[in-house]
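Below is one structure, written out as structure tokens; the observations come after it.
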Amino acid sequence: AGNYHGVVAKEADSDFARVGYLYFGEQATGAYAQWPQEDACTWGLDPRFRPWYAAAATGPKDVIIVVDVSGSMLTNNRHVMSQKAVEAILDTLTWKDFATIILFNNFVSAVYKDVLVPVTDSERDAMKQFCKNQQWAAGGTNFKSPLRKVFDILHTSIFGGHTSMCQKAVMFLTDGQAAFEDSDFEFVKRKSIEYDVFFFTYALGEKADATVVKRLACENRGVFYPVADGSDLAKVMSSYFEYFAHGQEMCSSSFVKYTAFGPGHVLYAGCMPMYDRTSPSPELLGVTCMDINMVEDISVMKQEAGWKHLMCVASDMTKMCRHVDLQECQRQKIRLSVSKESVCTDASHDFRGVEADTVCPCIDQGCVDNLDFRDEKQYFCDAWVGDNCTHTDPLWGYSEEGLKEVQENCKRSCGLCGWSEGACSRTSSDECPVLPVPSECRACLGKVSGYDLEGVPMSCPPDAPRDLMSTKAPTTVRRTTSEPTASASMCQALPCGFVLRLLAVFAAAVMASTGQ
């Protein structure tokens, strides 16, 4: 509380004319606190399942939600539960994440979009409306068609540039049974490796085929959830992001844009996680956020020469991919925390006898990427998250020397960091490294994809100090994209001290509120 009051005393305007908040959500209990004080007891919202919380606790991701809508879903109102669960998952996603929805019975009955889309506020509303317009309980059950559709969508999205370029999660819910042969499992596993997919599977009710859905999760680095009728399915499914939180340490702010008190008040919040570092690997304690509006009036800031540059840099910080640093020991402990039934016990899995107090191997925390490095196709290190940095597709056009540079400069993103031999010997984890506030927008220096905080394609803003990409000769790109990878206009050399001052002040304030 002292840290929060100190930040408020320094940053809040004395006459309270600006709308802005400082707030915190706790991981263990879902407790919530904010300044200024409001009576939140009647809100009925768990902060852990709000977009700002999941966005700060994990990096960007692509999510495909696959839901059984066969006739058996009428049993015990499962069709109502599943629709609410889909909406709850959508509420954990923000503009930096991409997603779509597949509904299936005898075949693929409905698809929101055949490509992944960024989950902006308007897109999230449209996805929820799509759910309301569908038939949620009719027909039989077929697992093969929807799972093949998953990989068709991923292929189209990746090669069309409709992706976060980070991890991909498939969330598969069924209450039924369907034929699924070894060849089908092999297909899913091969494609999951190719596209860096994690499977989270949910068997709803006592007649669901737990054998198939558990094997799908176990063979694809995921978690199987047995869910009884009457359970809080929405809470169970929307907790998926905790898996990524275990394997991703977030050391910089993530930014979200939202409205309060009607459309007239647009707020921009920066959020950071807090960690317990008294164990070998950092454990998430919660997330704290502060609205930029507390520092200055947004309408005033938008008149500054560096506003667009600020939005670009804030977007860069938020959109940076993070490698999931989990080995089978950590995955088995996560599964055990769900249920003993979730632990993978096939002979191909290590740590089958995992316990809650099992000490797992730990990663070398000093192993980091070179944040300034750009490969020979002008991509930054984090664009390699999920890709094979040693054996790439020849169509990407990388030279042997170019790949060697990637492996040397992008060890964390490539998954090449060292791990301890056996149980971790350290008793605590290191603090986050102090990351410098970026002084330039990445779209001005290299290739990027997707959209920014304002919902427009990423590009070098006209008020940036320089635009190196405007003078680059065209090259064969590693991934095709239908969106601009950088602006073709030459940046104007406008002073951006405003941007650096604001981000530095803001970062210091958020860090102070976390007590770090």
Side-chain angles (χ1 to χ4, degrees), residues 25 45-67 82-103 111-113 115-132 150 153-154 157 162-173 196-200 202 222 233-245 247-248 250 253-259 268-271 273 284 287 289 314-315 317-322 324 385-386 449-455 458:
L45 296 177
D46 189 326
R48 295 170 294 184
F49 306 112
R50 304 303 299 157
W52 55 269
Y53 191 99
T58 64
K61 64 194 77 67
D62 295 342
V63 177
I64 300 183
I65 307 168
V66 187
V67 180
S82 59
Q83 183 176 342
K84 289 181 178 179
V86 172
E87 294 181 357
I89 294 167
L90 294 174
D91 283 338
T92 68
L93 303 175
T94 67
W95 61 275
K96 70 178 181 179
D97 304 306
F98 282 66
T100 193
I101 303 166
I102 299 172
L103 306 181
V111 179
Y112 176 68
K113 291 285 180 63
V115 295
L116 297 168
V117 294
V119 189
T120 60
D121 289 345
S122 60
E123 198 73 65
R124 184 187 302 108
D125 291 342
M127 296 172 92
K128 289 182 178 181
Q129 187 59 50
F130 163 84
C131 291
K132 289 180 172 63
V150 163
I153 289 175
L154 287 176
S157 300
H162 305 281
T163 171
S164 66
M165 298 182 75
C166 307
Q167 289 84 14
K168 294 151 187 69
V170 172
M171 311 186 69
F172 185 86
L173 168 68
D196 191 35
V197 177
F198 298 80
F199 263 77
F200 301 89
Y202 307 84
L233 180 64
K235 184 174 182 179
V236 171
M237 293 191 72
S238 58
S239 298
Y240 76 96
F241 76 89
E242 295 176 359
Y243 175 95
F244 294 104
Q248 295 176 324
M250 307 291 287
S253 297
S254 292
F255 292 82
V256 294
K257 176 183 176 182
Y258 69 103
T259 59
Y268 296 80
C271 305
L284 182 66
V287 169
C289 300
S315 299
M317 295 170 68
T318 307
K319 285 165 59 68
M320 188 176 295
C321 297
R322 273 80 170 183
V324 179
V385 168
S449 68
Y451 295 80
D452 67 9
L453 184 56
E454 300 282 34
M458 292 290 292

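- Val150 places none of its side-chain heavy atoms less than 4.5 Å from the side chain of Phe172.
- Between the CD1 atom in Ile65 and the OG1 atom in Thr100 there is a gap of 8.5 Å [rounded to 0.5 Å].
- Under the rule for a disulfide (SG to SG under 2.5 Å), the partners of Cys321 that lie at least two apart in sequence or sit in another chain are Cys166.
- Phe199 meets the ring-ring contact (aromatic ring centres under 6.0 Å, His included) test with no other residue; sequence neighbours excluded.
- Taking Phe130 as the reference, Tyr112 meet the ring-ring contact (aromatic ring centres under 6.0 Å, His included) condition, with sequence neighbours excluded.
- Across Ala314 and Phe255, no two heavy atoms sit closer than the pair O-CD1, 3.6 Å.
- Listed here is the closest heavy atom pair of Ser315 and Leu453: OG-N, 2.9 Å.
- Of the residues His162, Met127, Glu123, the one that meets the side-chain contact (heavy atoms from CB on, under 4.5 Å) test with Lys113 is Glu123.
- Applying the salt bridge (charged side-chain N to carboxylate O under 4.0 Å, His left out) test to every pair with at least one member in residues 233-242, sequence neighbours left out, gives no pairs at all.
- Judged purely by atom type and a 3.5 angstrom limit, Ser164 has no side-chain atom pairing as donor or acceptor with the backbone of Asp97.
- A search for ring-ring contact (aromatic ring centres under 6.0 Å, His included) contacts involving Tyr240 returns nothing, not counting sequence neighbours.
- Applying the side chain to side chain contact (heavy atoms under 4.5 Å, CB included) test to Ser254 and every residue at least two apart in sequence or in another chain returns Lys96, Met250, Thr318.
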Using distance only, find each side-chain donor-acceptor pair of residues 50-57 under 3.5 Å and give its atom names and separation, not counting sequence neighbours.
unit_1	atom_1	unit_2	atom_2	d
Tyr53	OH	Gln27	N	3.3
Tyr53	OH	Gln27	OE1	2.7

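- The two residues Leu116 and Val63 make their nearest non-hydrogen contact at CD2-O, 4.0 Å.
- The salt bridge (charged side-chain N to carboxylate O under 4.0 Å, His left out) search around Lys84 returns none, not counting sequence neighbours.
- The shortest heavy-atom contact between Gly455 and Tyr451 is O-CD2, 3.6 Å.
- Residues satisfying the salt bridge (charged side-chain N to carboxylate O under 4.0 Å, His left out) test with Arg124, not counting sequence neighbours, are Asp121.
- Between Lys319 and Ser449, the closest heavy-atom pair is NZ-O, 3.0 Å.
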Lys257 vs Trp95, side-chain contact (heavy atoms from CB on, under 4.5 Å): CA-CA, chis, key distance, verdict: CA-CA 9 Å; Lys257 176 183 176 182; Trp95 61 275; over 6 Å; no

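- For Gln83, the side-chain hydrogen bond (donor to acceptor under 3.5 Å, both in side chains) test picks out no residue, with sequence neighbours left out.
- For the salt bridge (charged side-chain N to carboxylate O under 4.0 Å, His left out) test, residues two or more places apart in sequence or in another chain that qualify with Asp62 are Lys168.
- A side-chain contact (heavy atoms from CB on, under 4.5 Å) with Val385 is found for one member of Gln167, Arg322, Met165 and no other, namely Gln167.
- Atoms CD1 and CG, from Ile89 and Leu173 in turn, are 8.5 Å apart once rounded to the nearest 0.5 Å.
- Taking each heavy atom of Ala245 and Thr58 in turn, the nearest pair found is N-CG2, 3.6 Å.
- To the nearest 0.5 Å, atom CG of residue Asp196 and atom NZ of residue Lys61 are 13.0 Å apart.
- Under the salt bridge (charged side-chain N to carboxylate O under 4.0 Å, His left out) criterion, Lys128 pairs with Asp91, not counting sequence neighbours.
- Atom OH of Tyr243 and atom CZ of Phe200 lie 6.0 Å apart (nearest 0.5 Å).
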